[in-house]
Amino acid sequence: MIQRRFLLTATASGVAARPFAAWADGFDAFVAGVKAEARRSGVSDATLARAFAGVRPNAHILELDSHQPEFTLTWAEYRAKVVNDNRIATGRQVYARDRQLLAAVYDRYGVDAGVVMGIWGLESNFGATKGNYGVIEALATLAYAGRRPGYFRGELIAALKILDNGDITPERMLGSYAGAMGQPQFMPSSYLRLAVDFDGRGRRDIWDDQADALGSIANYLAKSGWRSGEPWGQPVSVPPGFDPGYAGRDSRRTLGEWMRLGVRRQDGTPFARSDVAGALVMPGAAGGEAFMTYANFGAIRRYNASDYYALSVGLIGDRILA
């Protein structure tokens, strides 16, 4: 899971602020409550015993969750960090290798290879960086003493259901410190709703089965309203002195209206059609980059609700396929 926002606030939970030993003693009672809830949801005792074997609250996870420094990345800084030549070069090699698989994914879900590659590249560097935290321990720690205990308790129950379904073992269920899993970095609840067994092997393996990982990304986008055959957006030029108040993903106009305001394709030529609706996104300061975004931009944002993220996914995919 790429860092989801670019403005992160340090807010320690009251529990985590106490010395580790002072609150860790209550963990067993917390786990007993989670097990009881999971049993009511149909999770077997055998699964629960294996899932929680050796699990203890992890102080490092709480440090990451509760003591994140407050910082801001500008669009230029974020773009340079994630839409970089190394990622594009790796993506092109992977695309050449997996082109046939991506074509099959497109045939089933109608989601373009470029956006699948962009998300895969951002979330796990094309499967190379999946996280090394035990998901059950991470989620249990955050549900017990993190900043959002209710949210993470729900995700913990979802993770236990995944184990009970037999898709993965506790030992192989690895992810980020916040519990995002596998190559697509799905949270457990997203996995239950949207992960797929693309190659029909009998289980949904987004950790080590590339077909399942890419199929699951595409299924997520398809269920988020992806429109097959339509672009996510495109870089554009705006005239000198353009009022950035016209910009914003919720300010939609037809391309004909945008052209009357002086907006053009990046090469300065008019748009091919005037009746298509789009929203102008200017992620940096006035005079910086501008992008015309379409309905599929919104589908990407449902994967991660950030303009920076969605723009980067589109740009990475476009450069890989160029």
Side-chain angles (χ1 to χ4, degrees), residues 1-39 41 43 45 47-73 81 122-125 128-164 168-192 206-207 304 306:
M1 178 178 63
I2 196 165
Q3 287 183 329
R4 293 292 178 187
R5 292 299 305 167
F6 319 109
L7 181 63
L8 301 175
T9 304
T11 307
S13 74
V15 177
R18 301 203 303 270
F20 189 85
W23 55 262
D25 288 343
F27 186 71
D28 290 342
F30 163 79
V31 169
V34 170
K35 286 181 176 180
E37 182 178 347
R39 286 190 195 98
S41 297
V43 180
D45 283 334
T47 293
L48 293 172
R50 188 172 181 187
F52 284 103
V55 169
R56 300 302 301 166
N58 187 318
H60 181 59
I61 287 172
L62 286 178
E63 181 181 357
L64 292 171
D65 178 61
S66 299
H67 297 89
Q68 299 180 69
E70 185 174 355
F71 67 94
T72 301
L73 290 181
K81 180 175 180 169
L122 277 184
E123 294 292 350
S124 64
N125 195 25
T129 309
K130 294 171 282 189
N132 55 10
Y133 292 91
V135 167
I136 298 300
E137 182 166 284
L139 292 173
T141 297
L142 294 170
Y144 174 60
R147 295 173 298 138
R148 295 183 291 161
Y151 169 75
F152 284 110
R153 188 183 182 105
E155 294 297 335
L156 176 57
I157 297 297
L160 294 169
K161 290 178 180 178
I162 293 167
L163 293 174
D164 205 50
I168 191 74
T169 64
E171 296 77 19
R172 289 183 56 236
M173 186 185 250
L174 301 176
S176 74
Y177 80 89
M181 308 183 305
Q183 298 184 42
Q185 290 289 276
F186 278 8
M187 292 301 291
S189 60
S190 294
Y191 176 100
L192 288 176
I206 61 172
W207 290 265
N304 182 327
S306 159

How close do L163 and P170 get, heavy atom to heavy atom, and via which atoms? CD2-N, 3.6 Å
Pick one: which of I157, D164, L160 meets side chain to side chain contact (heavy atoms under 4.5 Å, CB included) with S41? I157
Please report the shortest heavy-atom distance between P149 and A143, naming the atom on each side. CB-O, 3.2 Å
What distance separates I136 CD1 from L156 CG, expressed to the nearest 0.5 Å? 5.5 Å
Any side-chain to backbone donor/acceptor pair from R147 onto D65? Under 3.5 Å, distance only. yes
Can you name the nearest heavy-atom pair linking G179 to P188, along with the distance? O-CD, 3.7 Å
Are W207 and M173 side-chain neighbours, meaning at least one heavy-atom pair lies under 4.5 Å? yes
Show, in sequence, the C-alpha distance, side-chain angles and deciding distance for Q183 and I206, and conclude whether the side-chain contact (heavy atoms from CB on, under 4.5 Å) test is met. CA-CA 6 Å; Q183 298 184 42; I206 61 172; 5.8 Å; no
Kindly indicate whether the side chain of F27, heavy atoms from C-beta on, has any atom under 4.5 Å from the side chain of V55. yes
4.5 Å side-chain heavy-atom contact, M187 and M181: no
Any side-chain to backbone donor/acceptor pair from S176 onto A178? Under 3.5 Å, distance only. yes
Hey, does L62 have a side-chain heavy atom less than 4.5 Å from the side chain of P57? no
Under-4.0 Å salt bridge between D28 and K35: no
What closest approach, in Å, do E137 and G54 show between heavy atoms, and which atom pair accounts for it? OE1-O, 4.1 Å
Do T47 and F52 touch side chain to side chain, with heavy atoms closer than 4.5 Å? no
When you look at F30 and R153, which way does the side-chain contact (heavy atoms from CB on, under 4.5 Å) test go after all the steps? CA-CA 10 Å; F30 163 79; R153 188 183 182 105; 3.5 Å; yes
Taking the side chain from N132 and the backbone from G175, do they hold a donor-acceptor pair closer than 3.5 Å? no
Got R50 and T169 here, is their nearest side-chain heavy-atom distance under 4.5 Å? yes
Pair H60-Y177, side-chain donor/acceptor within less than 3.5 Å: no
So do the side chains of K130 and E123 get within less than 4.5 Å of each other, counting heavy atoms only? no
Does any part of the side chain of L174, heavy atoms only, come nearer than 4.5 Å to the side chain of V135, both counted from C-beta? no
Taking N58's backbone N and O only, do any of them form a donor-acceptor pair with T141's side chain (distance below 3.5 Å, no angle check)? yes
